[in-house]
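Notes follow the structure.
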Amino acid sequence: MEQRKLSDILQIKYPIILGGMALVGTAELAAAVSEAGAFGQIGAGGLEIPEIKEEIARIRSLTSKPFGVNIPIGRRTDMESFIKLMKAEKVKAVSLGGGNPLPYIAPLKESGITVMAVVASSYHAVKVAEAGADIIIAEGFEAGGHNSPLELTTLTLLSSIVPRLSQPVVAAGGIVDGKGLAAALCLGAAGVQVGTRFMATKECCAHPRFKEALVKAKETDTVVFGRGLGHLLRVLNSGFVKKYLGAGEKELSQEQIIALRSGNRNKIAVFDGDLQEGFAYAGQNLAPIDRIITAAEVVESFMQEAKEAIKQAAGVVKE
Ligand SMILES: Cc1cc2nc3c(=O)[nH]c(=O)nc-3n(C[C@H](O)[C@H](O)[C@H](O)COP(=O)(O)O)c2cc1C
């Protein structure tokens with residue numbers, strides 16, 4: 001089935017979306033991504049409604065390009081106020097992650113907002129598509145942050161979701177360069193959503209020590225914890241994780257694990273750069289992240305590398 005182009009729907013030049021990221025998805029980072037011709041998103045996770053309003057005002061002072069707002073639904077009880085705000089602010093697009101998006105798709109669409117829904121199986125992809133989501137984000141198990149207990153990879157998701165939908169499918173999880181973009185496009189994706197690669201940028205507010213840790217890390221340096229709780233988190237395998245959560249997770253009570261994976265412990269690593277006392281989300285595909293550059297350089301290198309990768313691949317399969 002032919003998909004509508006991401007660039008037409010989101011009014012962007014390049015098919016790259018900044019994944020919603022709680023704590024680090026600030027107006028500055030989102031504006032830098034939008035300014036570069038991709039689609040920036042404010043990460044509204046953990047923010048109260050007035051704070052989200054402030055972030056929207058801040059991004060509007062930094063760019064006139066389109067941007068979106070990501071909300072991890074989780075146990076939020078203020079979704080009605082959130083939708084009201086999105087409508088009042090005439091936000092271009094909202095992405096719904098971390099929970100059941102079905103009740104919120106129609107109200108957002110009725111307000112003229114493009115709806116992007118994050119899914120981790122073809123079953124849920126079809127459900128959100130039927131409910132009217134405009135863009136389906138297929139997020140694989142490689143992704144940083146919350147993972148689905150289904151543990152399906154990005155490659156598997158694209159292969160199973162793309163043929164079943166007429167809506168554009170965006171690949172998320174493990175895409176950190178133009179080769180990944182090219183691979184996703186070859187698998188039928190309309191574009192990519194990128195989180196981790198945009199954390200190792202100059203505009204990201206994370207502590208330099210955490211950004212350096214991302215640059216130094218390789219593909220074996222993330223772990224998933226929380227399987228016992230059914231709430232999986234992919235994080236950098238820091239001193240804190242090794243000490244409390246890695247191999248020792250089985251010996252801890254559920255209450256202890258919940259306390260250890262609190263937002264505060266996350267902030268200690270992300271903002272103070274203390275990886276001995278806090279944890280930080282990161283995607284699995286860390287090996288190619290080799291330097292801290294600007295968000296615009298990330299976007300440019302994605303496009304350049306994707307062109308080269310597609311040319312090279314075409315050379316391999318030519319008659
Ligand atoms: C630090 C961090 C925070 C994240 N927070 C959220 C969030 O609040 N809401 C959400 O829907 N996804 C969240 N994600 C997932 C991203 O939006 C994106 O889908 C993911 O990072 C893509 O995989 P990658 O990390 O391999 O690029 C987060 C990811 C990271 C790395």
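We count ligands from 1, going down the list as the structure has it; atoms in each ligand are counted the same way.
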Can you pull out the closest protein heavy atom to [atom]? Residue, atom name and distance to 0.1 Å, please.
{"atom": "atom 25 (O) of ligand 1", "value": "Thr196 OG1, 2.6 Å"}
{"atom": "atom 29 (C) of ligand 1", "value": "Gly144 O, 3.3 Å"}
{"atom": "atom 22 (C) of ligand 1", "value": "Gly173 N, 3.6 Å"}
{"atom": "atom 21 (O) of ligand 1", "value": "Gly195 CA, 3.3 Å"}
{"atom": "atom 19 (O) of ligand 1", "value": "Glu139 OE2, 2.6 Å"}
{"atom": "atom 26 (O) of ligand 1", "value": "Gly174 N, 2.7 Å"}
{"atom": "atom 9 (N) of ligand 1", "value": "Asn70 OD1, 2.8 Å"}

Could you go through Gln304 and Glu308, starting from their C-alpha distance and side-chain angles, then the distance that decides it, and tell me whether this counts as side chain to side chain donor-acceptor pair (under 3.5 Å)? CA-CA 6 Å; Gln304 190 54 38; Glu308 283 160 19; 3.1 Å; yes
For Phe141, is the NZ or CZ atom of Arg234 found under 6.0 angstrom from the centre of its six-membered ring and inside 45 degrees of the ring axis?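 The answer is yes, since Arg234 meets both limits relative to Phe141.
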Ligand 1-proximal atoms of Val176, by part, heavy-atom distance under 4.0 Å: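 No part of Val176 comes within reach of ligand 1.
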Within reach of ligand 1, part of Met21 (heavy-atom separation under 4.0 Å):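 It is both parts that get close, each with some atom under 4.0 Å.
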Look only at interatomic distance and state if [X] has a nitrogen or oxygen under 3.5 Å from any nitrogen or oxygen of ligand 1.
{"X": "Gly20", "answer": "yes"}
{"X": "Gln193", "answer": "yes"}
{"X": "Val194", "answer": "no"}
{"X": "Ala282", "answer": "no"}
{"X": "Gln284", "answer": "no"}
{"X": "Tyr281", "answer": "no"}
{"X": "Ala22", "answer": "yes"}
{"X": "Met199", "answer": "no"}

Between Lys243 and Glu277, does any side-chain N to carboxylate O distance fall below 4.0 Å? yes
Does the distance from a Lys or Arg side-chain N to an Asp or Glu carboxylate O, for Asp274 and Arg209, drop under 4.0 Å?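 Between Arg209 and Asp274 there is no salt bridge, as every charged N stays at least 4.0 Å from the carboxylate O atoms.
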Heavy-atom contact under 4.0 Å between Gly43 and ligand 1? no
Does ligand 1 have an atom under 4.0 Å from some heavy atom of Asn285? no
Those atoms of ligand 1 less than 4.0 Å from some heavy atom in [X]:
{"X": "Gly19", "value": "17 (O)"}
{"X": "Ala143", "value": "20 (C), 22 (C), 23 (O), 26 (O)"}
{"X": "Gly97", "value": "11 (O)"}

Distance-minimising heavy-atom pair for Leu6 and Pro168: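 What the structure gives for the nearest pair is CD1-CB, 4.5 Å.
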If two hydrophobic side chains count as joined below 4.5 Å and joins carry through other members, does Tyr123 share a cluster with Ile161?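 Cluster IDs for Tyr123 and Ile161 differ.
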Taking CD in Glu51 as the centre, count heavy atoms belonging to other residues, nucleotides or ligands within less than 6.0 Å. Is the count above 12?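 More than 12 within 6.0 Å, yes.
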Take atom CD of Gln256 as the centre, draw a 6.0 Å sphere, and report whether it contains more than 12 heavy atoms from other residues, nucleotides or ligands.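 Counting neighbours around CD of Gln256, more than 12 heavy atoms of other residues, nucleotides or ligands fall under 6.0 Å, so yes.
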Can you tell me how far apart CZ (Phe82) and CD1 (Ile49) are? Round to the nearest 0.5 Å. 7.0 Å
N/O donor-acceptor pair under 3.5 Å between Ser34 side chain and Gly40 backbone: yes
Between the main-chain N or O of Ile56 and the side-chain N or O of Glu89, is there a donor-acceptor pair closer than 3.5 Å? no
Parallel, tilted or perpendicular: which one describes the rings of Phe198 and Phe302, with boundaries at 30° and 60°? parallel
If you define the side chain from C-beta out and look only at heavy atoms, does anything of Leu18 sit under 4.5 Å from Leu29?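 With C-beta onward as the side chain, the pair touches.
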